[in-house]
There are 2 protein chains.
Amino acid sequence: MKQKLRLRQLEALMAVIQHSSVTRAAKELGVSQPAVSRLLADLGQTLGFSLFDRRGGRLVPTQEVHFLQADIQRVLDLMDQIEEVSQSITERKAGHIRIACLPGFATNHLPAVIAQFLKDRPGVSITIEPDRPERILEWMIDEQFDFGITDGFRGHSAVFSTDIDVRTVCIFPDGHPLEKLSEVTAHDLANDKIIHTRRDSEFFKNLATAFVDADTVLTTLVETRQFTAACELVSHGLGVAIVSELDALKFVDRGVQARPFLPALSHRLSLVRPISKQPSAITLEFISAFASSLEPFQALENAPT
Amino acid sequence: MKQKLRLRQLEALMAVIQHSSVTRAAKELGVSQPAVSRLLADLGQTLGFSLFDRRGGRLVPTQEVHFLQADIQRVLDLMDQIEEVSQSITERKAGHIRIACLPGFATNHLPAVIAQFLKDRPGVSITIEPDRPERILEWMIDEQFDFGITDGFRGHSAVFSTDIDVRTVCIFPDGHPLEKLSEVTAHDLANDKIIHTRRDSEFFKNLATAFVDADTVLTTLVETRQFTAACELVSHGLGVAIVSELDALKFVDRGVQARPFLPALSHRLSLVRPISKQPSAITLEFISAFASSLEPFQALENAPT
DNA sequence: GATTTTATATAATATTATGTTATGGTCTCC
DNA sequence: GGAGACCATAACATAATATTATATAAAATC
């Protein structure tokens with residue numbers, strides 16, 4: 001067999017099998033009858049055995065053809081499927097996005113955003129990997145993931161980042177004296193033990209400065225990495241915390257009250273992605289959707305970070 | 001997407017993915033580099049998204065392509081497989097043969113012939129369906145089977161048949177007085193009860209004539225359809241039978257002795273196939289192989305049937 | 001059984017896909 | 001900054017696939 005099998009020949013073959021007629025097959029394929037005749041002739045030549053028997057006006061496939069029929073059909077179906085999928089890809093309805101995020105986001109805000117995003121995109125799948133910021137950074141650098149949600153990001157030449165400052169609020173258990181205030185200052189917290197983020201974090205430094213400026217001593221109760229942990233502790237009646245409004249919202253009506261904190265502090269999130277790897281269109285679309293989802297929580301431009 | 005996906009484009013895509021280079025891919029495909037460049041350009045155009053990112057001299061597939069890669073590979077593999085199989089078909093190494101045969105052949109002679117036939121034809125598969133001659137005939141007429149082995153066949157306009165007359169022998173249990181003879185005549189059987197085929201069978205008529213001609217009475221012990229059953233009975237020490245040498249051979253050394261019977265009677269087998277359905281080459285090859293396998297048992301041309 | 005109808009094959013030819021060579025731009029590597 | 005590798009593009013040749021026109025053979029009709 002010197003000639004290669006051509007896809008068009010197989011299409012013609014299947015169409016003729018289906019209709020038992022070259023003419024009808026040609027009609028289905030939308031081409032002239034002689035075109036199909038030749039495709040079949042060439043295919044028969046290539047394969048080395050005859051494809052059809054004439055039987056009272058109809059064409060019936062030979063047993064040899066019958067033997068190949070299933071495989072041929074599978075090829076044609078697969079080609080159709082590839083076309084469909086790539087169609088979906090261009091319409092941003094298919095693809096895969098690998099997301100690395102802070103543990104809090106994996107359970108808190110992100111799932112809702114993903115659910116909404118996938119609603120109109122049935123072919124899209126997503127991987128979520130929660131971990132510490134250091135690890136997220138590594139993953140961006142060696143391009144293991146398409147998109148990262150992190151904080152405390154200081155910039156890196158291999159990582160493209162969009163920073164978003166979200167508002168923070170003061171939270172405390174139901175029944176706490178602060179309940180009576182409509183907003184809370186450092187001064188109001190003089191007698192409270194505070195649950196806050198790690199001392200080396202940017203956010204803690206801002207918080208400490210606020211206390212110093214208010215001539216108030218900051219008394220530590222618990223030092224934690226995650227806002228969610230702080231919220232959890234407060235909801236169990238323990239102490240007071242300053243956390244991102246994003247996290248706090250999930251805990252109101254769960255034994256926690258929230259009030260704006262003054263001076264307004266913001267918490268800087270970084271939406272990151274590998275800089276040299278061209279992101280897929282669907283990834284960019286998701287990052288944009290995620291950024292939008294944070295807008296309601298975004299701090300004013302001029303707020304200190 | 002107005003343009004259709006072409007197989008050649010997918011081949012080019014996979015080759016470039018594999019080698020991370022258009023030039024090397026072109027070398028593998030055995031064409032010039034610009035040819036591959038264009039195939040990729042056209043494919044990218046058709047699909048609607050870019051296929052590769054440049055990354056320090058190498059080409060890495062975009063995530064979109066990665067998403068399709070498995071399916072594309074499957075299509076190419078399937079095409080290769082189809083080529084291989086059809087190659088096997090033309091070399092008569094693949095295909096399927098449906099055989100309808102007398103019950104005796106299903107267990108007796110046929111298996112050995114099939115085993116030999118399949119030895120050099122790994123892709124060939126065979127269906128064996130044992131049944132009565134009437135049913136075999138029906139199956140030929142409506143083309144449910146490719147090949148039939150039957151007897152008592154009277155001809156039919158929808159069935160093509162090749163008749164083969166096989167020798168018959170007289171068989172009897174070890175220790176029987178006939179043991180002393182080197183050949184047996186009807187006269188020698190005057191005092192024996194005979195196991196023979198059905199009275200309406202052609203072969204019985206010939207046998208009866210031989211007895212009449214020898215002025216001997218034929219005493220029936222058992223009337224059976226199959227030679228194998230007759231052999232089985234004889235091997236249990238019961239009576240005497242005239243059966244085809246083909247069947248008899250399987251029972252010598254199992255308590256049965258065989259001697260030529262005079263006058264020489266033959267048993268007519270018919271190798272049949274549907275007349276209007278063009279048989280596959282592999283079927284014809286098998287029929288021919290089967291006919292050859294009967295040669296050692298074939299009666300002389302001029303023997304009465 | 002002659003004739004019309006229908007289905008398919010073949011021939012001549014246009015169009016599209018796929019190949020070639022020639023060439024210029026861009027990137028990497030030194 | 002220059003050499004070499006790599007790729008894209010242009011101009012053109014060839015092969016695959018389409019077209020229309022027509023011949024041929026089988027099926028259907030009278």
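Below, all heavy atoms of this structure are taken into account, side chains as well, without hydrogens, waters or symmetry copies. All chains are named by letter (A, B, ...) in the order of the sequence lines, taking the proteins before the strands, and each is independently numbered beginning at 1.
Distance, A:L40 CG to C:dT8 P: 10 Å, rounded to whole Å. Atom CG of B:L59 and atom P of C:dT28 are 12 Å apart (whole Å). Atom pair B:K27:NZ and D:dC7:P shows a separation of 10 Å (rounding to whole Å applied). A straight line from CZ of A:F52 to P of C:dA7 spans 16 Å, rounded to a whole angstrom. Taking atom CG of residue B:L7 and atom C1' of nucleotide D:dA15, one finds them 16 Å apart after rounding to whole Å. Atom CG in A:D53 sits roughly 15 Å away from atom C1' in C:dT8 (whole-Å rounding). One can place NE2 of B:H19 at 17 Å from C1' of D:dA5, the figure rounded to the nearest angstrom.
Contact annotation: A:S21 reaches the phosphate of C:dT8 (side-chain N/O to OP1 or OP2, under 4.0 Å). Remark: A:S32 is in phosphate contact with D:dT19, judged by side-chain N or O atoms under 4.0 Å from OP1 or OP2. In terms of phosphate contacts, B:R8 brings a side-chain nitrogen or oxygen within less than 4.0 Å of OP1 or OP2 of C:dG19.
Ranked by how close their nearest DNA chain C nucleotide is to the 5' end, B:G30 and A:S37 are led by A:S37.
By the 4.5 Å heavy-atom criterion applied to side chains, B:D146 and B:I99 are not counted as neighbours. The shortest distance between side-chain heavy atoms of A:L59 and A:I17 does not fall below 4.5 Å.
Comparing C:dT8, D:dA18, D:dT17 against the side chain of A:A35 picks out D:dA18 as the nearest. For B:R24, counting side-chain heavy atoms from C-beta on, the closest listed nucleotide (C:dA9, D:dA18, D:dC6) is D:dC6. Side-chain proximity of B:T23 to D:dC6, C:dT20, D:dA8: nearest is D:dC6. Among C:dG19, D:dC7, D:dT17, the nucleotide with an atom closest to any side-chain atom of A:R38 is D:dT17. Among the nucleotides C:dG19, C:dA17, D:dA16, the one closest to the side chain of B:R6 is C:dA17. Proximity note for A:L39 (side chain, C-beta onward) versus D:dC7, D:dC6, D:dT17: the nearest is D:dT17.
Across every non-hydrogen atom of A:R92 and A:V124, the tightest pair is O-CG2, 4.3 Å.
There is no side-chain donor-acceptor pair under 3.5 Å between B:Q73 and B:Q69.
Here the CG atom belonging to A:L78 is positioned 6.5 Å from the CG atom belonging to B:L78, to the nearest 0.5 angstrom.
Side-chain atoms of A:Q33 stay outside donor-acceptor range of the base of C:dA7, with no qualifying N/O pair under 3.5 Å.
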